[in-house]
Trainee: 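Just dropping this structure here.
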Number of protein chains: 2
Amino acid sequence: MPQETFFNLPDNKRNLIISAAMHEFSKNNYKTASINKICKKANIPKGSFYQYFTDKLDLYVYIMSFAIEKKVKFFSDVISKFNTLTMFKQLRLLFVKGIEFAKKYPLYAELGEQFSKEHDELAKSAVIKAGDKQAQSLFMQMICNAKMKGEIDGNVDSFALCLLLKTLNSTVNEYMLEKSGNACCVYSEEELLSFVDSLLKIVFYGILNKT
Amino acid sequence: MPQETFFNLPDNKRNLIISAAMHEFSKNNYKTASINKICKKANIPKGSFYQYFTDKLDLYVYIMSFAIEKKVKFFSDVISKFNTLTMFKQLRLLFVKGIEFAKKYPLYAELGEQFSKEHDELAKSAVIKAGDKQAQSLFMQMICNAKMKGEIDGNVDSFALCLLLKTLNSTVNEYMLEKSGNACCVYSEEELLSFVDSLLKIVFYGILNKT
DNA sequence: TGACAATATGACCACGTAGTCATATAATAA
DNA sequence: TTATTATATGACTACGTGGTCATATTGTCA
C-alpha cells in the first residue's frame, strides 16, 4: 500500500502519477515496466516516487487492484440479475458487458488483460489474483446452475467448458483492445456483437450439420 | 543468419550454444532473454558470440525458425492424410499430434508458445511468422472443406470458428507444458486425451440440452 | 521570529543489458 | 620458418534498471 504522503498529495498530482503508472503497466508486463519512465511521464523525481511507494511491487499491486476493483464493480449489477436468465443470455450479457467495459475503460481493460498474462510469480501472487479466480469460479457456477436446471447437456465436461469460456472471454477482450495480431480485424460494435453471437452459437448448438 | 564461423564450429560446441539459446528463449520473451546468460550457459565468451551472430535478433530468428521448422515437419505427414478424414477426426488428430509433439520435444513446443505470445513487433516480424499464419490458414482450409462436404453447418461463422480452434489449440498446448495457472491440472496422457475429446464434443455437438 | 517536522529532490550506487574492439592465439600457406 | 589469415577473448562502453540518501525546501505550530 502507498504511504500516507501519497494520499495527501493534491488530487491532480496524485492522479497524474496513477495515470502514468496505468499507461506503463498496460503496455508492459511487471518486469519490463519502468519506474523511470513512470516518473518522467508523471513529472516527478525518482526520490519523490520512493517517498510515495515502498517499491515497484507496491505500485504494481496498487494499480492492478485498482483496475480489478473497477471491473468487478462494473460487472456486479449484471451478475446480480443472473438468476432470472438462461445460461445463453447470461453468457451473452457477460460478453457484451465485457465489450462495453473495454470500450468505456480501455485502459483498465488493458491492465486486466496484461495482468491475466503476467508471468512473474511474485507480482502475480502479490495481487492475490482474487479477480481472476473470481472469473473462473463465476463460469463454473454458471455451468453448474445451467446443468441443474437442465439447460445444458449434463454430459458436457464442466471443466473443459469452463476453460473454453475463459479463453473465449480473453479472446474477445483482446479483440476489443485491437491487440490481436490477426489479419482480419473486427472494428464496428455491430460486427463485434455478431461475432460474440457466432461464438456462443457454436458453443451452444455445435457446428455439426444436423440435416 | 549466423556467420560461417558458427557453422564451422565443432558440432558439440555449436549444439551447446543452440541448446543454451533455446532454453533462454523458451523461458523468456525477446526483450527479457539475456545474451549474457546464454553465453555463460554455453561456456563461450561474449566476443565469440558476436563472431557467430550479428546481434540478438539474428540469434532469435535462427532459433525460432529452427523450432517452427521442426514443428511443421512433425505435422506434415498427418496433414497429408487429411483429405480422407472427417473434420472431427482431422481436428482430433491435430490436437493429439500437438500433444505428442509437446511430449517429444517440450523445448520446441515451449519455444513455439513463447513465440506466439511475443509482443515485440520487431522480433515478431523478423521471424516472418510463417508458422503462425500457416496454422491459421490450415484451420480455415479445414473449415471450408468440411462445409463443402456438408459435414458442418454452413451457417457457422467460419472466422469465429477458426479463432475458437486457434485459441483451443493454444490452450491445450499450454496445458501440456504445465504452464497453466489453473488450480486443477491434468497430468496423465489419458486424462489429456479425454480432455481434448471433451472440447471437441462441445464444439461439434454444442452444450445445449436436446432432451 | 524560531524550531521542528514533513516533504521534495536529484546525484549516486550496484547491477544488468547489448554490443565493440584491440589484442592474443591458432591454423594455414609459402 | 615466416607471413598471412581466421578465430578466440574479455575488458570496455554507453545505457537502462530499481533503489538510496544526504541535502534542500516547505509547512506548521509556539
Side-chain angles (χ1 to χ4, degrees), chain A residues 1-18 20-21 23-25 27-64 118-124 126-127, chain B residues 1-18 20-21 23-25 27-64 118-124 126-127:
Chain A
M1 259 295 168
Q3 307 298 317
E4 289 171 39
T5 325
F6 178 69
F7 295 108
N8 294 336
L9 245 39
D11 281 17
N12 56 347
K13 188 170 182 180
R14 193 175 58 251
N15 288 333
L16 192 61
I17 295 170
I18 292 175
H23 273 96
E24 183 69 11
F25 282 124
K27 302 291 178 198
N28 304 90
N29 61 29
Y30 179 68
K31 193 165 191 180
T32 55
S34 159
I35 299 292
N36 284 346
K37 283 180 186 164
I38 292 171
C39 289
K40 270 177 193 162
K41 202 175 285 180
N43 267 319
I44 56 162
K46 196 87 161 281
S48 296
F49 176 86
Y50 282 96
Q51 203 120 31
Y52 307 146
F53 300 92
T54 57
D55 55 16
K56 192 182 187 179
L57 192 59
D58 191 24
L59 173 68
Y60 183 75
V61 171
Y62 177 67
I63 294 293
M64 283 307 181
E118 181 59 56
H119 275 221
D120 189 297
E121 283 306 319
L122 186 76
K124 210 169 174 102
V127 190
Chain B
M1 257 297 170
Q3 307 298 319
E4 289 171 40
T5 325
F6 179 68
F7 294 109
N8 294 337
L9 246 38
D11 282 17
N12 56 347
K13 189 172 183 181
R14 193 175 58 251
N15 289 332
L16 192 62
I17 295 171
I18 292 174
H23 273 95
E24 184 69 9
F25 283 124
K27 303 292 180 199
N28 303 92
N29 60 30
Y30 179 69
K31 193 166 191 180
T32 55
S34 160
I35 299 291
N36 283 348
K37 282 179 187 164
I38 292 172
C39 289
K40 271 178 193 161
K41 203 176 284 179
N43 268 320
I44 56 161
K46 195 91 162 281
S48 296
F49 177 86
Y50 281 95
Q51 203 119 31
Y52 307 145
F53 300 91
T54 57
D55 54 15
K56 192 182 187 179
L57 192 60
D58 190 24
L59 173 68
Y60 184 75
V61 171
Y62 177 67
I63 293 294
M64 283 307 180
E118 182 57 58
H119 275 222
D120 190 296
E121 284 306 318
L122 185 77
K124 212 171 172 99
V127 190

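Predicted model only: the values in this text are computed from it and were never measured. A, B, ... follow the sequence lines: proteins, then strands. Residue 1 opens every chain.
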Trainee: Count the heavy atoms of every other residue, nucleotide or ligand shown that sit under 6.0 Å from NZ of B/Lys31, and state whether that count exceeds 12.
Mentor: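 Open: at most 12 neighbouring heavy atoms sit under 6.0 Å from NZ of B/Lys31.
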Trainee: Classify the nucleic acid contact of B/Leu9 as base, sugar-phosphate or nothing, counting any heavy atom under 4.0 Å across all strands shown.
Mentor: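 Counting heavy atoms under 4.0 Å across all strands, the contact made by B/Leu9 is with sugar-phosphate only.
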Trainee: Report the C-alpha distance between B/Thr32 and B/Asn29 in whole Å, list the side-chain angles of each, state the deciding distance to 0.1 Å, and finish with yes or no for side-chain hydrogen bond (donor to acceptor under 3.5 Å, both in side chains).
Mentor: CA-CA 6 Å; B/Thr32 55; B/Asn29 60 30; 2.7 Å; yes
Trainee: Reckon B/Phe53 touches a base, only the sugar-phosphate, or nothing at all at heavy-atom distances under 4.0 Å?
Mentor: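 Answer is nothing: B/Phe53 stays at 4.0 Å or more from every strand.
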Trainee: Describe the nucleic acid contact of A/Lys37 in one word from base, sugar-phosphate, nothing, applying a heavy-atom distance below 4.0 Å.
Mentor: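 Answer is sugar-phosphate: A/Lys37 comes under 4.0 Å of backbone atoms only.
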Trainee: For B/Ser48, which contact category applies under a 4.0 Å heavy-atom criterion: base, sugar-phosphate, or nothing?
Mentor: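 If one applies the 4.0 Å heavy-atom cut-off, B/Ser48 turns out to touch a base.
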Trainee: What's A/Leu57 touching, base or sugar-phosphate or nothing? Going by heavy atoms closer than 4.0 Å.
Mentor: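 Nothing, no heavy atom under 4.0 Å.
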Trainee: Using a 4.0 Å heavy-atom cut-off across all strands, classify A/Lys46 as base, sugar-phosphate, or nothing.
Mentor: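 Contact class for A/Lys46: base.
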Trainee: Taking CG from B/Asn8 and C1' from C/dA27, how many angstroms apart are they, rounded to a whole number?
Mentor: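 These atoms are roughly 12 Å apart.
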Trainee: Among C/dA18, C/dT9, D/dG19, which nucleotide sits nearest the side chain of A/Lys56?
Mentor: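 Given the options C/dA18, C/dT9, D/dG19, the side chain of A/Lys56 is closest to D/dG19.
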Trainee: Indicate, with a heavy-atom threshold strictly under 4.0 Å, whether B/Tyr52 touches base, sugar-phosphate, or nothing.
Mentor: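 Sugar-phosphate, backbone atoms only, no base.
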Trainee: Rounded to whole Å, how long is the line connecting atom CD1 of B/Ile44 with atom C1' of C/dA18?
Mentor: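 Nearest whole value for this atom pair: 14 Å.
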Trainee: Nearest nucleotide by nearest heavy atom, which residue falls closer to the 5' end of DNA chain D, A/Gly47 or A/Lys40?
Mentor: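 So the residue in question is A/Lys40.
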